[in-house]
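Heads up, the thing below is written out as structure tokens.
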Amino acid sequence: MFDALTDRLSSVFDRLSGRGVLSEKDIDEALKEVRTALLDADVALPVVRDFIARAREQASGEAVIRSVRPADQVVKITYDGLVEMLGGEGAEGLNLSLNPPTVILMAGLQGSGKTTTAAKLALRLSRERKKVLLASLDTRRPAAMEQLATLAVQAGVDSLPIVAGQSAPDIARRALSSARLQGFDVVILDTAGRTTLDEAMMAEAAEIAAIGQPHETLLVADSLTGQDAVRTARAFHERLPLTGLVLTRADGDGRGGAALSMRAVTGLPIKFLGVSEKIDGLDVFDAARVAGRILG
Ligand code: GDP
């Protein structure tokens with residue numbers, strides 16, 4: 001997803017290290033090129049500004065210029081800046097309740113990969129020996145309910161039996177009581193999406209959140225939709241107590257920079273990356289690993 005950015009940055013740093021001795025002006029120019037590369041990759045402007053201001057501060061003075069390999073120092077400063085921008089060292093993981101069942105609510109636009117991600121999470125948790133119940137609350141799209149039931153079979157976990165005619169809040173209540181009665185460790189509620197940001201969708205998700213009191217409320221966003229994904233995250237965060245983000249289609253070849261801004265713009269941790277259509281295509285998000293990959 002970050003190939004173009006990786007190419008740009010490596011050419012900046014290659015030129016820099018080809019020079020050997022560096023002046024403050026060389027470093028400043030390199031940081032300017034980093035700035036342009038980030039903006040061209042679609043990283044949000046205020047995020048880039050902060051990033052560059054911090055990098056300049058760290059690169060200023062004699063320490064970097066006088067170091068044995070100043071270009072490496074600039075790479076290190078860029079790497080540290082990227083890690084910071086992506087939420088810092090250490091993976092976040094899921095917050096599981098000590099009193100099962102843990103309730104996880106999935107929100108997001110239709111087509112973002114929400115249902116697939118619900119099943120991917122279920123598989124990951126079941127591999128951690130958790131007993132997982134998947135429940136679709138998408139009463140407007142029976143196909144979505146069936147899709148989740150099919151994915152549950154693939155993941156080898158249970159799904160809540162579909163009962164026609166029930167409202168989303170009623171399904172949520174039924175899922176919670178089944179989970180309690182049947183000793184599930186985790187219940188994943190897949191809320192209905194819409195193709196655009198829509199008041200009815202938000203209101204319904206907020207109502208489900210009030211009923212389910214989720215331990216995790218995850219927004220699933222398609223990283224290939226660029227700044228739209230950032231806007232979507234913001235809009236959802238205004239209405240729902242989100243606890244984290246899942247960015248899907250990290251395997252796509254878009255510019256990817258919007259995903260890099262998500263953490264800084266929304267203040268929410270990125271918890272997972274969707275990396276393929278397959279049911280095991282979900283990676284725990286690790287800022288250091290992603291920053292390392294971006295720098296090639
Ligand atoms: P929903 O409408 O948000 O529930 O979206 P779906 O879960 O039905 O996903 C829409 C399409 O995106 C499906 O074809 C998924 O297989 C695909 N998809 C979901 N996540 C990923 C991902 O991380 N990478 C890729 N390549 N495809 C994905």
Side-chain angles (χ1 to χ4, degrees), residues 1-3 86 91 94 104-125 132-155 157 159-160 162 168 171-172 175 187-198 200-202 204-205 208 214 216-226 228-233 235-237 239-240 242 244-260 262 270-286 289-290 293:
M1 169 162 75
F2 303 114
D3 292 355
L86 292 169
L94 284 175
I104 302 177
L105 189 124
M106 311 294 294
L109 293 180
Q110 192 177 315
S112 61
K114 187 166 51 60
T115 299
T116 311
T117 303
K120 287 176 174 179
L121 270 180
L123 175 65
R124 172 173 282 277
L125 289 162
V132 185
L133 179 66
L134 278 167
S136 171
L137 311 185
D138 199 343
T139 52
R140 288 170 25 126
R141 289 195 311 142
M145 291 194 152
E146 276 150 30
Q147 182 196 356
L148 190 67
T150 307
L151 288 167
V153 173
Q154 279 179 35
V157 304
S159 62
L160 189 73
I162 299 173
I171 300 172
V187 53
I188 302 179
L189 304 175
D190 186 19
T191 62
R194 305 270 197 279
T195 47
T196 52
L197 287 170
D198 167 294
M201 166 181 65
M202 296 284 184
E204 185 175 287
I208 306 292
E216 288 280 5
T217 302
L218 303 176
L219 177 79
V220 180
D222 178 350
S223 55
L224 296 187
T225 59
D228 275 346
V230 179
R231 269 190 291 280
T232 302
F236 269 95
H237 198 28
R239 292 298 299 271
L240 283 178
L242 296 179
L245 302 167
V246 181
L247 300 178
T248 57
R249 301 204 178 85
D251 51 315
D253 57 2
R255 288 187 291 171
L260 297 180
M262 283 293 239
I270 303 168
K271 297 212 170 187
F272 296 96
L273 286 181
V275 294
S276 87
E277 276 186 295
K278 298 209 191 89
I279 195 151
D280 60 355
L282 188 74
D283 286 355
V284 171
F285 182 81
D286 179 335
R289 214 170 73 200
V290 173
R293 221 185 291 156

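Read the numbers this way: they start at 1 and go in the same order the structure lists the ligands and their atoms.
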(message) Checking side-chain polar atoms at under 3.5 Å, does Ser276 have a donor or acceptor matched by the opposite partner on Asp251?
(response) no

(request) Have a look at Ser112, Gly113, Gly111 and point out the one with the heavy atom closest to atom 19 (C) of ligand 1. (result) Gly113

(message) I need the nearest protein heavy-atom contact for atom 27 (N) of ligand 1: residue, atom name and distance, please.
(response) Glu277 CG, 3.2 Å

(request) Could you tell me whether Ser276 approaches ligand 1 through its side chain, its backbone, both or neither, with non-hydrogen atoms closer than 4.0 Å? (result) backbone

(request) Give the atoms of ligand 1, by number and element, whose distance to some non-hydrogen atom of Thr116 is under 4.0 Å. (result) 6 (P), 7 (O), 9 (O), 15 (C), 19 (C)

(message) Taking 4.0 angstrom as the limit and counting only heavy atoms of Gly274, give me the atoms of ligand 1 inside it, by number and element.
(response) 23 (O)

(message) Under 4.0 Å, counting heavy atoms only: does Gly108 come that close to any atom of ligand 1?
(response) no

(request) Any chance you could measure Arg124, atom CZ, to Thr117, atom OG1, to the nearest 0.5 Å? (result) 11.5 Å

(message) Counting only heavy atoms, tell me which of Arg249, Gln110, Lys114, Gln147 gets closest to atom 10 (C) of ligand 1.
(response) Arg249

(request) Using a strict 4.0 Å cut-off to heavy atoms of Val275, name the atoms of ligand 1 that fall inside it. (result) 23 (O)

(message) Can you tell me how far apart OG1 (Thr139) and CD1 (Ile171) are? Round to the nearest 0.5 Å.
(response) 6.0 Å

(message) Closer than 4.0 Å to some heavy atom of Leu109 - which atoms of ligand 1 meet that?
(response) 3 (O)

(message) Tell me whether Ser159 contacts the main-chain N or O of Leu134 through its side chain, where contact means a donor paired with an acceptor under 3.5 Å.
(response) no

(request) To the nearest 0.5 angstrom, please state how far the CG atom of Leu242 sits from the CG atom of Leu218. (result) 8.5 Å

(request) Would you give the length of the straight line joining atom CD1 of Ile270 to atom CG of Leu247, rounded to the nearest 0.5 angstrom? (result) 5.0 Å

(message) Students should be able to answer this: which protein heavy-atom is nearest to atom 26 (N) of ligand 1, and at what distance?
(response) Asp251 OD2, 2.7 Å

(request) Could you list the atoms of ligand 1 found under 4.0 angstrom from a heavy atom of Thr115? (result) 1 (P), 4 (O), 7 (O)

(request) Could you grab the distance from atom CG of Leu219 to atom CG of Leu245, nearest 0.5 Å is fine? (result) 6.0 Å

(message) Applying a heavy-atom cut-off of 4.0 Å, say which part of Lys120 lies close to ligand 1: side chain, backbone, both or neither.
(response) side chain

(message) Would you say CZ of Arg194 has more than 12 non-hydrogen atoms from neighbouring residues, nucleotides or ligands within 6.0 angstrom?
(response) yes

